[in-house]
Every structure is written in structure tokens, then in C-alpha cells.
Amino acid sequence: MGFKIKAYHIVGLGAGGSLKADLDGKIAAGYSTREKTKFLCGNIKSKLVTGGNVLFSIEGIRKDTEFKKEFLKTVVYKSNKDVGKCEKSKGIKANTLQVQLKANTNKSVKVKEEYFDFSNFTTDFKTFNPKNLEIKFDQTGIAQVKRNKNSIVVTAKKEPEAKNTVMVLEVKKGDLKGKIISIPIVITDYEEIQKQKEKEKAEKEADAENKAKWEGEWTRPQKFEWSVMTISNVKGNTFKFNINATFVQSVEQALNGGVKVTEIDGTAKINGNVALQVKDGEGGPNCQLKFVRNGNNISIDGTVNCQTGPSAGYDGDYKKGHISPPDFSDENIGIEDGSGEGEGDITQEDGIQEEAPNQAQEDTSGENVLTPEQAEQLVREYLKLPTDSNLTVADQGGINEEGDYIIKVYEYSQEENQEKFYGMYSVGSQTGEVIDINNDAY
């Protein structure tokens, strides 16, 4: 119901005029069957104004002088008062039933208060201050929130710990204190992130494994074809390599500065225990070295298509670690002039394998004998060494006078730059019998 009241009153005290009171308003009262409650609410507005002439006599100025001033609608008092409360709070609601977002992104959630207005019997919504909410998650490590003036900003973590969580909003004060709403949160790219993490983990493990297998310094200990290979930057299924190879025909030539040197840098792609040089122009357009790893040995072939100059190239067997190159200045002069111990013999000096064209691989009777590689393999089988063993199994100079190969087993420490001796074995070149030689005898 509405109302409007007007009242007039003549005021004296030396002022000529009147005061008028205006009252206006709207009152609602009754019983709501929908809300099951009685109500009385509304608003009253009141205003007092004056209209007329007011005469003033100011002391100190000519007594016969009068100043006349007219105040038209001069407001001397105002009032606006609510009676009761026409709005009844019913609860809070969010503008979404579920928040879906990708990792490291955010979305805004707006919360509004639902209320019933008795003055017009309607349900409506108004903004609810997020500062009046306590916000919790049923699982941490997935998302975090920030309150703005009119909204809640939900941000998914860069690496969420799970796909789903629930954001719980609870009103902490006011008529709705204790009211709770729950909003599910879903990280839409969670599975994709997990697959990427597993992929990165596998790549990291593969990198570590390949690094342990391939990276480091390798030596081809052939006296007149000495070569050092350095493998570095093992990443994924590739590595960088540098090979510095020397070639000399005799001690005399070496002492007279006749050592030929050739070098190659390149990139190789790994596939298990085999790596193939990427054709990048190094060593010539058709140069493609092949690296085959077997424990602590790498065999290289492919020099036939590489530009190496007047040298023996890069082919051969490389052993793990650094082995000091030969010192030709300590050689017996008999080697230089062809007398005494000739180049056709095989000697053992600091891991050097001296290959010669007349090295015996068959005995005088014509029966087949084992090759050095076959003898080394028999020792590996005798010791039951796995294919990825860090131990080096190396022939020490071919067949001796007794018709046996002498095989040394050791591990090279790159950090300490030294060998750790494990054992010495003899292998019958014709019988294949493996015997563990006493270290003292060695």
C-alpha cells in the first residue's frame, strides 16, 4: 500500500511564513505462503520546507533600514527511513556448475546472492562480496584462487597433481552464514601432461644410459695407426664426435717427423648399440662412419668413403678410456734399420697393439686357429660378462710361443685416468681352452 501526507504550520518569532511537511512512502505487509512468514516492510520519505518572507534587523546599521530577503523552498530538514526489510536472503549461487580449464590458465567465477522481494513478490539476485567467503579445496596441488572485488579467479597449476578437485565456498558472516556451495574443477589436459612427463622421463633415462655407454674418450691403440676419438654432447639419440688419427710407416719415419695426421668432426645418430654418422659433409659428401659398441669397445668402419689423405683412416677397434701414445724415441735402433725385433712382430707396450702383415693366424700345419676377437669372446663367456659390462677384454699381442693368446681383463677409470686390473687369462689358439693365470706369474 502507498500513502502521501501534507501538513502546514504557521511559524512566528519574527519570521513571516509557514512550514510545510511532505511525507511519501510505500508499505508492504501481510503473510507470504511461499516463504511461510509474516512481513511488514517499506520506506517513508519526509521533507520540511518553508516559503514566505523573512525580515531581518541587523544592529549597527541604520535602524530605519530593513533588508528583505525571500527564501523559496528552502530545505531545512530531510528524512528517508526504511521500515522493516523487504528482502529475504535465500542462498548463494555461482555462475557456473563446473570449472574446466587447462593447466597454467585461469577462469573467473562470480558468486551472487539470491533473495525474495516482498514488495513485489519476486526472486532476484545481487552481487555477493567474495571477501565474505572461506574457500577450500578437497585436494591440494591442483589449483589456487584469488579474490577480486566481484569474482573469484581460479588458476590451475602448471603441473597439477591430479585431474579433479572440488572448490568449496562457505559464507562466514551475515544472514547466510554457514551456507555452502561446491564447484567441481577439472583440468582438461591432465592426461596429455602426464604423457608428456612420462615421455620426458623416458628421454632423460635414455640420455643418461646413452651418455654412460658412449660419452668419453676412446683409443685405437695401434702403434703406427694411433687414433683418439672423443664422443660428447650425448643428447637423445645423437652425439658429437671428433677423431684424431695418425699414420706412420716406421719408427724411423716417426723420428724424422713423418707422422701423417687426419681429423674429422661430425654427428652420429644412435640406434641401440649402433650409431651412424649423419651425412653433413664432414669427411666428404659420401662419408658415413658406422660405430658399433660392444661393452667397452667401439668398432668403426666406413673410412672407404671418407677423405682421409695418405693415412690408414679411422676404421678399427677403439677401447674405452685414454691410452698414452707410443714414445718412438725409446725404440731400439734395430727396429729402425730392420734388424733385431722387426715390424712384423707383435709387442705389448702401454696397451699398444702393433699390427703387422705377417701376423700368424694359422699354424704351420695349416690347421685353423682362433682369431684374437674369438679368443676375447671366449674369455667373456668364461667370466659370464654381460654385453654392457664396463670391463675391457683385450688380447695382449697375439699368439705366443706356446700357441696361446694372453687376454687381459681390466676396467678403465676416466676420472682417475688409470686402469683397474681384474685378471689375466690364456686361451689356446687351437683348443680354445681358457686358463686363469696367476697374477704373480703375470
Side-chain angles (χ1 to χ4, degrees), residues 217-230 241-265 283-284 287 289 297-364 369 371-373 375-376 392 394-408 410 412 417-419 429 442:
E217 194 169 285
W218 304 76
T219 307
R220 181 180 67 184
Q222 297 175 8
K223 187 170 185 178
F224 294 114
E225 297 176 9
W226 197 267
S227 182
V228 175
M229 172 174 62
T230 302
F241 67 87
N242 168 271
I243 304 176
N244 187 293
T246 61
F247 171 67
V248 64
Q249 292 180 332
S250 65
V251 174
E252 183 179 7
Q253 188 182 54
L255 294 174
N256 291 326
V259 178
K260 305 293 191 298
V261 179
T262 185
E263 186 175 12
I264 184 173
D265 292 283
C287 181
L289 299 180
N297 293 274
I298 292 179
S299 297
I300 296 179
D301 62 48
T303 301
V304 64
N305 294 319
C306 299
Q307 298 170 0
T308 60
S311 74
Y314 312 110
D315 289 359
D317 295 329
Y318 291 73
K319 299 184 183 300
K320 181 79 171 183
H322 173 80
I323 302 175
S324 300
D327 185 359
F328 291 106
S329 63
D330 292 338
E331 293 288 342
N332 188 294
I333 194 64
I335 298 178
E336 299 181 41
D337 58 16
S339 62
E341 186 180 19
E343 295 180 17
D345 299 320
I346 299 176
T347 62
Q348 171 65 26
E349 294 179 14
D350 297 327
I352 304 171
Q353 296 177 5
E354 190 173 321
E355 297 182 354
N358 65 340
Q359 177 176 332
Q361 295 301 324
E362 297 184 359
D363 63 4
T364 56
V369 296
T371 65
E373 291 78 11
E376 291 172 350
T392 298
D395 170 43
Q396 299 300 293
I399 302 172
N400 60 17
E401 294 179 356
E402 286 76 22
D404 298 328
Y405 285 104
I406 302 301
I407 307 298
K408 180 181 178 182
Y410 64 93
Y412 176 76
N417 192 24
Q418 64 181 9
E419 296 178 0
S429 61
Y442 170 68

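In this text the structure is predicted, and so the values were computed from the model without any measurement.
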Test side-chain contact (heavy atoms from CB on, under 4.5 Å) applied to Leu289 and Asp301, step by step: CA-CA 6 Å; Leu289 299 180; Asp301 62 48; over 6 Å; no
Tyr318 and Ser227 side chains, donor-acceptor separation under 3.5 Å: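 There is such a pair between these side chains.
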No-hydrogen, no-angle side-chain donor-acceptor test under 3.5 Å, Asn242 and Thr230: no
Residues that Glu402 engages under side-chain contact (heavy atoms from CB on, under 4.5 Å), provided they are two or more places apart: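 Glu402 satisfies side-chain contact (heavy atoms from CB on, under 4.5 Å) with Asn400, Asp404 only.
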Beyond-backbone contact of Phe241 with Asp265, side-chain heavy atoms, under 4.5 angstrom: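 Of all side-chain heavy-atom pairs linking Asp265 with Phe241, none is under 4.5 Å.
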Non-hydrogen side-chain atoms of Ile264 and Cys287 separated by less than 4.5 Å: yes
Which atom pair, heavy atoms only, marks the closest approach of [X] to [Y]?
{"X": "Glu225", "Y": "Phe247", "value": "CG-CD1, 3.9 Å"}
{"X": "Ser250", "Y": "Phe224", "value": "C-CE2, 3.7 Å"}
{"X": "Gly403", "Y": "Ser429", "value": "O-OG, 2.6 Å"}
{"X": "Met229", "Y": "Ile300", "value": "SD-CD1, 3.6 Å"}
{"X": "Thr392", "Y": "Lys319", "value": "CG2-CD, 4.4 Å"}
{"X": "Thr219", "Y": "Gly321", "value": "OG1-O, 2.8 Å"}

CH2-CD1 distance between Trp218 and Ile243, expressed to the nearest 0.5 angstrom: 12.0 Å
Value rounded to 0.5 Å, distance of OH in Tyr314 from CG in Asn244: 8.5 Å
Side-chain (Gln396) to main-chain (Ala394) donor-acceptor, under 3.5 angstrom: yes
Working for side-chain contact (heavy atoms from CB on, under 4.5 Å), residues Trp226 and Arg220: CA-CA 6 Å; Trp226 197 267; Arg220 181 180 67 184; over 6 Å; no
Check against side-chain contact (heavy atoms from CB on, under 4.5 Å), Asp317 and Glu373: CA-CA 11 Å; Asp317 295 329; Glu373 291 78 11; 4.2 Å; yes
